[in-house]
Novice: 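Okay, handing you the structure first.
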Amino acid sequence: MNRLHARASTLSQPATGFVSHPEPRTIGSFARGRQLSSGNFLFAGFLVEAPDTAIWDLPMPDLAFEQELHGFAWIDDLAAVGDGAANLRMRTWTHAWIGRFGRGTGPGWTPDLTGRRLIRWIHHAITLLNGQDQPVSDAFYRSLGQQANFLSHRWHAASPGLARFQALVGLIYAGIALTGMDRHLVPAIKALNRECETRIDAEGGIPTRNPEELMEVFTLLSWAASALRESDRLPGRAHLDALERIAPCLRALRHSDGSLARFHGGGRGAEGWLDQALSASGIKTARREGLAMGFYRLAHGRTSIILDAAPPPERDASAQAHASTLAFELTSGRRPLIVNCGSGRTFGEKWRRAGRATPSHSTLAIEGFSSSRLGVAGIIGGQNAELLVDAPRDVRIETRQSDHSTGLIAGHDGYLATHGLTHVRQLYLGLDGRGLQGEDVLATVERQDERTFDRALDRTGLKGIPFKLRFHLHPDVDAEQDMGGTAVSMVLKSGEIWVFRYSGGAKMTLEPSVYLEKGRLAPRATRQIVLSMLALEHATRIAWTLAKAQDTPDTVRDLQREDLMLQE
């Protein structure tokens with residue numbers, strides 16, 4: 001069906017130029033742009049090194065690799081470099097695409113990719129047309145019109161969520177900016193309104209529970225609203241209401257350094273992207289209190305903590321859902337300390353599966369199992385078996401407040417069916433932000449749970465059910481375990497020192513881990529604090545603390561500089 005409409009679109013009336021030109025708004029990665037300029041093509045987990053090869057002549061190791069090329073998000077990265085060589089590649093590769101695929105052929109003619117591509121071409125049209133002769137410019141306008149006509153028929157076939165928002169915003173951009181395309185505007189505005197009503201819930205969240213995807217949706221809606229206003233048109237009521245709901249939700253998902261919490265396939269977001277998007281929207285609503293898209297935020301002083309306090313998204317909502325219930329991240333000022341490993345999608349299928357497993361998150365995991373039925377191999381956690389457990393269905397959270405701290409008690413039933421155990425986590429952050437007290441408990445709750453636990457214990461020969469409590473550290477953290485094995489000192493790049501201690505019968509080790517970060521050629525090596533223990537009773541608990549040590553004069557000066565940057 002896509003191929004039929006793609007070819008039919010080449011017969012429709014083309015665009016002949018711009019009525020108006022939206023300013024470039026997309027943000028690319030300078031590092032990735034430099035990689036592309038040097039001939040290192042990293043897409044969908046595959047690295048192709050071909051410095052003397054045009055992008056459409058590359059060997060295509062995988063369909064996902066090829067699809068990323070046809071989505072043209074890489075134009076943003078070359079634009080971030082912005083020198084003559086990068087701009088030349090943008091123009092050459094774009095016009096080569098038109099010559100090779102412009103007649104409606106190739107894997108790029110899907111609504112998911114066409115919307116993404118259309119937005120980039122319109123954003124960077126000035127650079128793409130710079131110095132081009134009339135036939136090349138005519139072909140460019142003709143292709144833009146053909147892609148807009150294709151989207152007008154096929155936007156509804158785009159994947160629900162981000163891809164469909166991209167398709168509709170691309171169609172709105174085309175309707176505003178291109179001659180002869182304004183007929184697409186009213187249907188696209190109405191369709192975008194409907195998507196806002198059905199895909200964005202009353203609290204401003206989306207079904208995937210991916211914070212970075214929520215930011216991308218918010219950014220698209222903000223762009224569309226600005227473009228419509230600039231052309232003297234009004235965005236739909238549901239469109240504007242969605243922006244009002246999302247903004248406070250995003251503020252609750254933001255760490256003290258301005259980055260997003262990394263859950264369910266999302267990353268930190270490009271530096272400054274979230275703040276820019278919120279500022280450009282003009283929405284001043286304070287961050288949401290309580291749960292925001294299933295996450296809970298604790299913040300005092302310079303410290304922010306974001307906890308996943310809800311079940312993973314349903315399978316039909318997201319193929320990237322992570323087994324991260326009750327995992328948390330902690331950031332001090334502008335420095336991440338405790339993290340999750342992140343999404344490994346850009347490093348291939350093996351890393352994608354590993355990143356989704358419970359051992360890849362800063363939480364408790366029973367050995368050989370993951371707190372969600374994701375079927376993921378525990379590469380990072382050192383497990384070789386498939387990790388299969390029922391996803392948590394019952395996740396509860398209660399908040400606590402005292403004269404010295406605020407905190408929460410949360411629990412989930414992900415290990416109930418297999419082991420009869422409920423995981424309960426308590427976190428209390430001091431009002432000065434300098435200390436976090438935590439406790440993790442595996443316990444039976446009902447009499448039936450005790451029987452299930454006893455059977456699971458029998459299967460171990462009464463040796464105990466092994467579990468591990470993990471705290472993954474950011475790669476910039478320098479960690480060292482003391483000689484007695486009872487504490488770990490962590491030094492941040494700012495000079496700030498945090499100390500981890502625990503009590504209970506666990507064994508503490510400092511082990512290798514990885515930090516999976518988009519835009520890099522390989523995962524980054526890092527470390528994790530691991531507390532290992534056996535569950536032998538109906539209740540097993542580990543208490544632990546994270547405390548900030550006394551600042552040195554040099555550290556104080558560094559922190560003061562960071563505070564000024566945060567205020568700006």
Novice: Met215 versus Thr219: any side-chain heavy-atom pair under 4.5 Å?
Specialist: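 A side-chain contact under 4.5 Å exists here.
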Novice: Between Arg183 and Gly180 (side chain of the first, backbone of the second, donor and acceptor by atom type, cut-off under 3.5 Å), is there such a pair?
Specialist: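 Yes, Arg183 side chain to Gly180 backbone: donor-acceptor pair under 3.5 Å.
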Novice: Does Leu278 form a side chain to side chain contact (heavy atoms under 4.5 Å, CB included) with Ile283? I'd like the steps, not just the answer.
Specialist: CA-CA 7 Å; Leu278 289 169; Ile283 299 171; over 6 Å; no
Novice: Is a side-chain N or O of Arg288 found less than 3.5 angstrom from the main chain of Glu203, in a donor-acceptor match?
Specialist: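 Confirmed, Arg288 side chain pairs with Glu203 backbone.
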Novice: Under the 3.5 angstrom rule, does the side chain of Asn193 hit a backbone N or O of Cys196 as a donor-acceptor pair?
Specialist: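 Here the side-chain-to-backbone pair does not exist.
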Novice: Step through it carefully: locate the ring centre of His322, locate the ring centre of Phe263, and say whether they are under 6.0 Å apart.
Specialist: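 Between His322 and Phe263, the centre distance exceeds or equals 6.0 Å.
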Novice: Could you pull out the closest heavy-atom pair between Leu260 and Pro211, with the gap in Å?
Specialist: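 Scanning both residues, the minimum pair turns out to be CD1-O, 3.8 Å.
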Novice: Search all heavy atoms of Ala157 against all heavy atoms of Asp112 and return the closest pair with its distance.
Specialist: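 The answer is O-OD1, 4.3 Å.
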Novice: Has the side chain of Asn149 got a donor or acceptor atom that lies under 3.5 Å from a matching backbone atom of Gly145?
Specialist: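 Indeed, once roles are kept as given, a pair shorter than 3.5 Å links the two residues.
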Novice: Is the closest side-chain heavy-atom distance between Asp133 and Val136 below 4.5 Å?
Specialist: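 When only atoms from C-beta onward are counted, Val136 and Asp133 do touch, with a gap below 4.5 Å.
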Novice: Would you name the heavy atoms of Ala277 and Phe218 that are closest together and state the gap between them?
Specialist: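 Looks like O-CE2, 3.6 Å.
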Novice: Honestly, is Arg262 close enough over Phe328, meaning NZ or CZ under 6.0 Å from the six-membered ring centre and within 45° of the axis?
Specialist: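 Geometry flag: not set, cation outside 6.0 Å or 45°.
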Novice: Throw together a table of side-chain donor-acceptor distances under 3.5 angstrom for residues 48-60, partners on residues two or more places apart or in other chains.
Specialist:
unit_1, atom_1, unit_2, atom_2, d
Trp56, NE1, Trp93, O, 2.7
Asp57, OD1, Arg100, NH1, 3.1
Asp57, OD1, Arg100, NH2, 2.9

Novice: Side chains of Gln147 and Ser143: donor-acceptor distance under 3.5 Å anywhere?
Specialist: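 Looking only at side-chain atoms, Ser143 and Gln147 do form a donor-acceptor pair, the distance falling under 3.5 Å.
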Novice: When you check the side-chain N and O atoms of Ser362 and His472, is any donor under 3.5 Å from an acceptor?
Specialist: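 Ser362 vs His472: no donor-acceptor pair found between side chains.
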Novice: May I ask you to test the Leu151-Leu168 pair for a side-chain heavy-atom distance under 4.5 Å?
Specialist: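 A side-chain contact is absent here, since even the closest heavy-atom pair is not under 4.5 Å.
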Novice: Is NZ or CZ of Arg352 both nearer than 6.0 Å to the six-membered ring centre of Phe347 and within 45° of the ring axis?
Specialist: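 Pair Arg352/Phe347 does not count as cation-pi.
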Novice: Let me see the working for Leu220 and Leu162 under side chain to side chain contact (heavy atoms under 4.5 Å, CB included), right down to the final yes or no.
Specialist: CA-CA 9 Å; Leu220 285 166; Leu162 178 60; 3.7 Å; yes
Novice: Is the backbone N or O of Pro248 less than 3.5 Å from a side-chain atom of Arg287, with the two atoms forming a donor-acceptor pair by type?
Specialist: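 Side chain of Arg287 to backbone of Pro248, a donor-acceptor pair under 3.5 Å: no, none is there.
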Novice: Are the side chains of Asn87 and Asn130 in contact, using a 4.5 Å heavy-atom criterion?
Specialist: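 No, side chains not in contact.
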Novice: Looking at every non-hydrogen atom in both residues, tell me the closest pair between Thr208 and Pro313 and how far apart they are.
Specialist: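 Scanning both residues, the minimum pair turns out to be O-CG, 3.0 Å.
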Novice: Could you tell me if Arg233 and Ser231 have a donor-acceptor pair between their side chains, going purely by distance under 3.5 Å?
Specialist: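 Per modelled atom types, Ser231 and Arg233 side chains form a pair under 3.5 Å.
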Novice: Does a side chain donor of either Ser29 or Asp77 reach within less than 3.5 Å of an acceptor in the other side chain?
Specialist: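 No, no side-chain donor-acceptor pair sits under 3.5 Å.
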Novice: Could you state the interatomic distance from CZ (Arg297) to CG (Leu291), rounded to the nearest 0.5 Å?
Specialist: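 One finds 14.0 Å between CZ of Arg297 and CG of Leu291.
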Novice: Looking at side-chain heavy atoms only, is the closest gap between Leu429 and Thr303 below 4.5 Å?
Specialist: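 The answer is yes; the side chains approach within 4.5 Å.
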Novice: In Å, rounded to the nearest 0.5 Å, how long is the span from CG of Leu128 to CE of Met90?
Specialist: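 Between atom CG of Leu128 and atom CE of Met90 there are 5.0 Å.
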Novice: Is Arg154 close to His156 at the side-chain level, that is, under 4.5 Å between some pair of heavy atoms?
Specialist: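 With C-beta onward as the side chain, the pair touches.
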Novice: Would you say that Leu240 contacts Glu244 through its side chain, given a criterion of any heavy-atom pair below 4.5 Å between the two side chains?
Specialist: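 Not touching, per the 4.5 Å side-chain cut-off.
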Novice: Please tell me whether Thr114 and Arg117 have a donor and an acceptor in their side chains that are separated by less than 3.5 angstrom.
Specialist: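 Yes, because at least one side-chain N or O of Thr114 sits under 3.5 Å from a partner of the opposite role on Arg117.
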Novice: Considering residues, nucleotides and ligands other than Arg34, do more than 12 of their heavy atoms fall under 6.0 Å from its CZ?
Specialist: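 No - once you tally the heavy atoms of other residues, nucleotides and ligands closer than 6.0 Å, there are 12 at most.
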Novice: Give me the atom names and distance for the closest heavy-atom approach of Ser38 to Asn40.
Specialist: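 That closest heavy-atom pairing would be OG-ND2, 3.3 Å.
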Novice: Hey, mind stepping through Ile397 and Tyr296 against side chain to side chain contact (heavy atoms under 4.5 Å, CB included) and telling me if it holds?
Specialist: CA-CA 9 Å; Ile397 181 170; Tyr296 194 88; 3.9 Å; yes
Novice: Between Glu212 and Lys518, does the salt bridge (charged side-chain N to carboxylate O under 4.0 Å, His left out) criterion hold? Intermediate values first, please.
Specialist: CA-CA 12 Å; Glu212 188 176 28; Lys518 288 193 302 184; 3.1 Å; yes
Novice: I'd like to know if the side chain of Ser256 and the backbone of Arg302 have a donor-acceptor N/O pair within less than 3.5 Å.
Specialist: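 Side chain of Ser256 to backbone of Arg302, a donor-acceptor pair under 3.5 Å: yes, one is there.
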Novice: Does a side chain donor of either Ser324 or Asp308 reach within less than 3.5 Å of an acceptor in the other side chain?
Specialist: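 On atom types as modelled, these side chains qualify, holding a pair under 3.5 Å.
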Novice: Ignoring hydrogens and angles, state whether a donor on the side chain of Ser259 or Asp257 is under 3.5 Å from an acceptor on the partner side chain.
Specialist: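 Indeed, the side chains of Ser259 and Asp257 share at least one donor-acceptor pair under 3.5 Å.
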Novice: In sequence, state the C-alpha distance, the side-chain angles, and the governing distance for His123 and Trp223, and then conclude on side chain to side chain contact (heavy atoms under 4.5 Å, CB included).
Specialist: CA-CA 11 Å; His123 275 178; Trp223 289 347; 3.8 Å; yes
Novice: Trp121 and ring pair (Phe, Tyr, Trp, His ring centres under 6.0 Å): which single residue from Tyr173, Phe72, Tyr141 fits?
Specialist: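 Passing option: Phe72.
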Novice: Which pair of non-hydrogen atoms, one from Ala86 and one from Gly82, has the smallest distance, and what is that distance?
Specialist: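 Where Ala86 meets Gly82 most closely, the heavy atoms are CB-N, 4.1 Å.
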Novice: When you measure from the side chain of Thr92 to the backbone of Arg89, do you find a donor-acceptor pair of N or O atoms at a distance under 3.5 Å?
Specialist: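 Not at all, since once roles are kept as given, no pair shorter than 3.5 Å links the two residues.
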Novice: With rounding to the nearest 0.5 Å, note down the distance linking CG in Leu516 to OG1 in Thr346.
Specialist: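 It comes to 7.5 Å.
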Novice: Ignoring hydrogens and angles, tell me if any N or O in the side chain of Thr94 forms a donor-acceptor pair with the backbone of Arg91 under 3.5 Å.
Specialist: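 Judged by distance alone, no pair lies under 3.5 Å.
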Novice: What distance separates His239 NE2 from Ile172 CD1, expressed to the nearest 0.5 Å?
Specialist: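 Answer rounded to 0.5 Å: 7.0 Å.
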Novice: Is it true that Gln134 and Asp138 share a donor-acceptor pair across their side chains at a distance under 3.5 Å?
Specialist: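 Gln134 and Asp138 do have a side-chain donor-acceptor pair below 3.5 Å.
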Novice: Check whether any side-chain N or O of Ser332 sits under 3.5 Å from a backbone N or O of Arg335 as a donor-acceptor pair, and report yes or no.
Specialist: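 Pair absent, no side-chain N/O of Ser332 close to backbone of Arg335.
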Novice: Any side-chain heavy atom of Val19 within less than 4.5 Å of one from Leu178?
Specialist: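 Side chain of Val19 against side chain of Leu178, heavy atoms only: no contact under 4.5 Å found.
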Novice: What's the separation between atom NZ in Lys493 and atom NE2 in His474, rounded to the nearest 0.5 Å?
Specialist: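 Interatomic distance, Lys493 NZ to His474 NE2, rounded to 0.5 Å: 9.0 Å.
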Novice: Closer than 3.5 angstrom, by distance alone: can the side chain of Arg245 be matched with the main-chain N or O of Asp201 as a donor-acceptor pair?
Specialist: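 Looks like yes, one N/O pair under 3.5 Å.
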Novice: Any donor-acceptor pair under 3.5 Å linking the side-chain atoms of Trp109 with those of His70?
Specialist: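 Short answer, no.
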Novice: Apply salt bridge (charged side-chain N to carboxylate O under 4.0 Å, His left out) to Glu517 and Arg520, showing your working.
Specialist: CA-CA 6 Å; Glu517 187 175 10; Arg520 289 187 173 262; 2.9 Å; yes
Novice: Hey, is Arg251 close enough to Asp275 for a salt bridge, meaning N to O under 4.0 Å?
Specialist: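 The answer is no: the pair does not qualify as a salt bridge.
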Novice: Supply the atom-to-atom distance Lys190 NZ to Leu185 CG, rounded to the nearest 0.5 angstrom.
Specialist: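 Rounded to the nearest 0.5 Å, the NZ-CG separation comes to 12.0 Å.
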